[in-house]
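Because the structure is a prediction, the values reported are computed rather than measured.
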Protein chains: 2
Amino acid sequence: MFVYLVRVEQNPVKMPKDASLNEIDAAVRESYTAFQSYKNVSATKRATFLRVAAQEIEALGQELIKTVMEETALPEARVAGERGRTTGQLRMFADYIEEGSWVEARIDTAKPDRAPVPKPDLRKMLVPLGPVVVFGAANFPLAYSTAGGDTASALAAGCTVIVKAHPAHARTSQLVADAIHRAAQQTGMPKGVFQHVHGAGFEVGQALVKHPLTKAVGFTGSFAGGKALFDLANQRNEPIPVFAEMSSTNPVILLPESLKKNYADTATILAVSIVMGVGQFCTNPGLVIAIEHEGLSDFVKALAEKIAAQHPETMLHEGIAKNYSDKLQQALKQKGVTIEAEAAGEPARQQGKALVGSVAASTFINNPLLAEEVFGPFSLLIRCADRHELYAVISTLHGQLTSTIIGEKQELAEYQDCFRTLTEKAGRVIINGVPTGVEVCAAMQHGGPFPSTTDSRFTAVGTDAIKRFVRPVSFQNCPEQLLPDELKENNPLNIWRLYNGGWQK
Amino acid sequence: MFVYLVRVEQNPVKMPKDASLNEIDAAVRESYTAFQSYKNVSATKRATFLRVAAQEIEALGQELIKTVMEETALPEARVAGERGRTTGQLRMFADYIEEGSWVEARIDTAKPDRAPVPKPDLRKMLVPLGPVVVFGAANFPLAYSTAGGDTASALAAGCTVIVKAHPAHARTSQLVADAIHRAAQQTGMPKGVFQHVHGAGFEVGQALVKHPLTKAVGFTGSFAGGKALFDLANQRNEPIPVFAEMSSTNPVILLPESLKKNYADTATILAVSIVMGVGQFCTNPGLVIAIEHEGLSDFVKALAEKIAAQHPETMLHEGIAKNYSDKLQQALKQKGVTIEAEAAGEPARQQGKALVGSVAASTFINNPLLAEEVFGPFSLLIRCADRHELYAVISTLHGQLTSTIIGEKQELAEYQDCFRTLTEKAGRVIINGVPTGVEVCAAMQHGGPFPSTTDSRFTAVGTDAIKRFVRPVSFQNCPEQLLPDELKENNPLNIWRLYNGGWQK
């Protein structure tokens, strides 16, 4: 099992060494060897592995919380909450695979007497793809990193996993990796089922994605990073899927009647959503779109008060703070952009300051740069002269993780075309709420049309995330002895199956 | 609606003109406009459209049969059978979407009292991607062309479709396109829901795939063609999925005990599978893998007799016949390849002659060219010295549409590793049968690891083919009035839904 040997203790300055190309090759090969056993490990045993991993992560106790706080500047409550989300996800996938119906079993039994040719017996189910490379995410050091949603769903599916630690929280990653290793050992999983490598530069990630035995990739980060991995994966002799969650401005449409009535409440919930986590969520509301009218002026005033009550806050690491500052300055320098609201005081080192700008719809439409994500607590209000211009703005929007409409009942009906266009552009459509807060459940879709993700057909959050790492296989006229339990005639796992066209258990 | 205006009557020499870039742009734009309505057309109405399309195709009667025969040299029985498969698929998808559970509805209801944050109401279902480009397939002028599986599944999903006619059967394609147009008109579908363009060169196909409003592509054909479209689609500003079914050698493993006992029967079914349709099926058994022993000699002798009883037969068109002849000569020229069986007589123009060669496993392993598909009635027997060599050969195989094992019960258990490796390499694993004959049903997986297809996670045959053209969308706190019927609280369509974790109807 390839584990980074130099354990870095309590010293944020001393970074683990990048894995060498030989070490990467060994890690992926060992992952593939482990896959040959792990793909046959029963769902019940995989579920136990995931649950013990959750326990081992909890057993890290304050050491984990403290390490995350040192490496990311996240507050304790958030770190504890994120740890709960991480272990919750591991247990959710354990339950999901133990229930078992997720494999989409379809059975069509033989008709030997059918003319002109007999109908064979066919049985299909989802099987794991193989070794999956997971990149730790800067903005979720626990829930979307080493033991995060990608790792949990891939291991649940029966894939082996190689995690590349995010260099900004490499010690956190190592702690969690060690916990997973302990869980794998305790539950008798094949040696190498989980691998962990460090890499501060691009080379390690590239080598992992290019390795011929790697079968899929999970990534959360910048558009440039995700797109580069996507291109690399498609240029391989055998192209492989890359699930990259990249950039989204999560437009919020404020309809006029609602704004007139509820401008104060809307300003309150939106201000909270903009500054939440110093704007470092992929679902941060980066664009607010509204029609000019008196309600809008009241709203902007109320929002400005809420934002002015904020102070600059420390971001995850200096790179992110600098990126925010650069992108913010670039946006504010664009012709026609006005500052409508800003937090009080100047940001210190590694801090980000909440800010809301505004721009006329016609200017927005003609300047593609304004449609780009500014990762941090910034929102751009797009002022539309009328409904026609509102539709024009919406039609220019890129693919998004989320779209939101805030409107009165009657208005929502009137603006049904707007709702439908937003549905075409996004993975999740929210009515009278805010995009931040991504519920982990079966009905969650966290993934939308390009460029918000590389593949809108899959979700990174919720039980369906497991589908990223599987493919269907049909068995034709296969004797019971060789069939996986999921497809055996007497349904020993008691799962839901489509049996000769009807759902049965 | 863009329809090619020059109807070419009874004149195989006069080819329809290639669509111009302007015409292609108009076709895709009109398709996108139609999509804005069609995505909201109810499943019941889409089902009616598909059923009327099937009727209209049947109403073409002998004119269609005759045209296919003129353009492809396929025998009447095969054409009639393929027409039945085509209309059967249209009706199968009509039934499937009318039943409705395929949208994978997941509902997680709100918990307003949950601490620390309330749980929102989330409802998710599959929605259509947008305009889909379908390339007619040379080897299935009806069932995988104009109204074939790709078109039927895309229209069923709620996508609009633009078909590029295959130039080898352009008149057939036009006849079928006209039938679909009539069905669209009779059933009140939005103008432009189905588009049909001609193009003999690469330019038309490339322009269709590159068009920014195209959202997905279906293709069946050569590796070179499919891979070129895949690369083109990934180089777009907005990459889109290409479902290309490309090349597969469909290995058949003959285990020794079975061969000793049943060599004669095995030779019979395999000979039929090799020559079926002049070898022009994507599931043609191109590789036969066996261990040297007395049963193998008897089998080869029996197979040679069966093949020798065959005569060269006319292939689909001259291009395919020439390609077969070239690839066959190339394979036979490779060092160590021996002819074991061949059909009697020399092939005339446009004919293909069945042939079985053999080669030692060690030679096969060291010559990647021998692993390439030879599209036509050719099989290569790989002679393995022992079980160890058999495993070595299997481990070098590329991704496949199918893998087959012929063995006695006890043997199958002994060779379980072989079965598992073949499962990893293929979309469908057949026991004691042949790979040709692709059943259209829910449990069919027609699609396998690269290079057999560009995306092993989807099937081109059977009801699940619809999944290629959809993506999930979540609706959060969405009022009933805006929700699609599939997600409304009282389940007006009475479909199966995952409701708060339990399957319900």
In terms of the angle between their ring planes, are A:F458 and B:F458 parallel, tilted or perpendicular, with boundaries placed at 30° and 60°?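 Perpendicular, since the angle between the ring planes exceeds 60°.
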Measuring from atom [atom1] of [X] to atom [atom2] of [Y], what distance do you get when rounded to the nearest 0.5 angstrom?
X: A:L412; Y: B:Q481; atom1: CG; atom2: CD; answer: 6.0 Å
X: A:L122; Y: B:Q445; atom1: CG; atom2: CD; answer: 11.0 Å
X: A:N432; Y: B:Q476; atom1: CG; atom2: CD; answer: 11.0 Å
X: A:T423; Y: B:N40; atom1: OG1; atom2: CG; answer: 9.0 Å

A side-chain contact here means heavy atoms from C-beta on lying under 4.5 Å apart; do B:D464 and A:K124 qualify?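 With C-beta onward as the side chain, the pair touches.
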Could you check if a side-chain atom of A:P479 sits within less than 4.5 angstrom of a side-chain atom of B:I431, using non-hydrogen atoms only?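 Result yes, sub-4.5 Å side-chain heavy-atom pair found.
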Is [X] in contact with chain A via its backbone, its side chain, both, or neither, using a 4.5 Å heavy-atom distance?
X: B:D417; answer: neither
X: B:S403; answer: neither
X: B:E104; answer: side chain
X: B:I240; answer: neither
X: B:F419; answer: side chain
X: B:R114; answer: side chain
X: B:P472; answer: both

Considering all heavy atoms of both residues, which atom of [X] and which atom of [Y] are nearest to each other, and what is their separation?
X: B:V429; Y: A:V473; answer: CG2-CG1, 4.4 Å
X: B:N234; Y: A:D231; answer: O-OD1, 4.5 Å
X: A:K425; Y: B:R471; answer: N-NH2, 4.2 Å

Look at [options] and state which one has the largest set of heavy-atom pairs under 4.5 Å with chain A.
options: B:K409, B:Q36, B:R123, B:M125; answer: B:K409
options: B:G399, B:P128, B:P451, B:P241; answer: B:P241
options: B:K227, B:M444, B:R457; answer: B:R457

Taking every heavy-atom pair that is under 4.5 Å apart, which of [options] has the most such pairs with chain B?
options: A:Q416, A:E99, A:K39; result: A:K39
options: A:P120, A:A105, A:G427; result: A:G427
options: A:G462, A:G433, A:G447, A:A426; result: A:A426
options: A:C478, A:G437, A:G501, A:P116; result: A:C478

Could you walk me through whether B:K505 and A:W503 pass the side-chain contact (heavy atoms from CB on, under 4.5 Å) check? CA-CA 11 Å; B:K505 214 175 165 163; A:W503 286 101; over 6 Å; no
Output yes when A:E424 and B:K215 qualify as a salt bridge under the 4.0 Å nitrogen-oxygen rule, no when they do not.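 Judged by the 4.0 Å cut-off on N to carboxylate O distance, A:E424 and B:K215 do not form a salt bridge.
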Would you say B:E238's side chain and A:H398's backbone share a donor-acceptor pair under 3.5 angstrom?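 Looks like no, no N/O pair under 3.5 Å.
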Do side-chain atoms of B:S474 reach the backbone of A:R428 as a donor and acceptor pair under 3.5 angstrom?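 No; zero donor-acceptor contacts below 3.5 Å.
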Using side chain to side chain contact (heavy atoms under 4.5 Å, CB included) as the criterion, point out the one residue from B:N500, B:I107, B:D108 that pairs with A:C441.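 By the side chain to side chain contact (heavy atoms under 4.5 Å, CB included) criterion, A:C441 pairs with just one of B:N500, B:I107, B:D108: B:D108.
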Identify which part of [X] has an atom lying under 4.5 Å from any heavy atom of chain B, answering side chain, backbone, both or neither.
X: A:L126; value: neither
X: A:T459; value: side chain
X: A:Q235; value: neither
X: A:V470; value: backbone

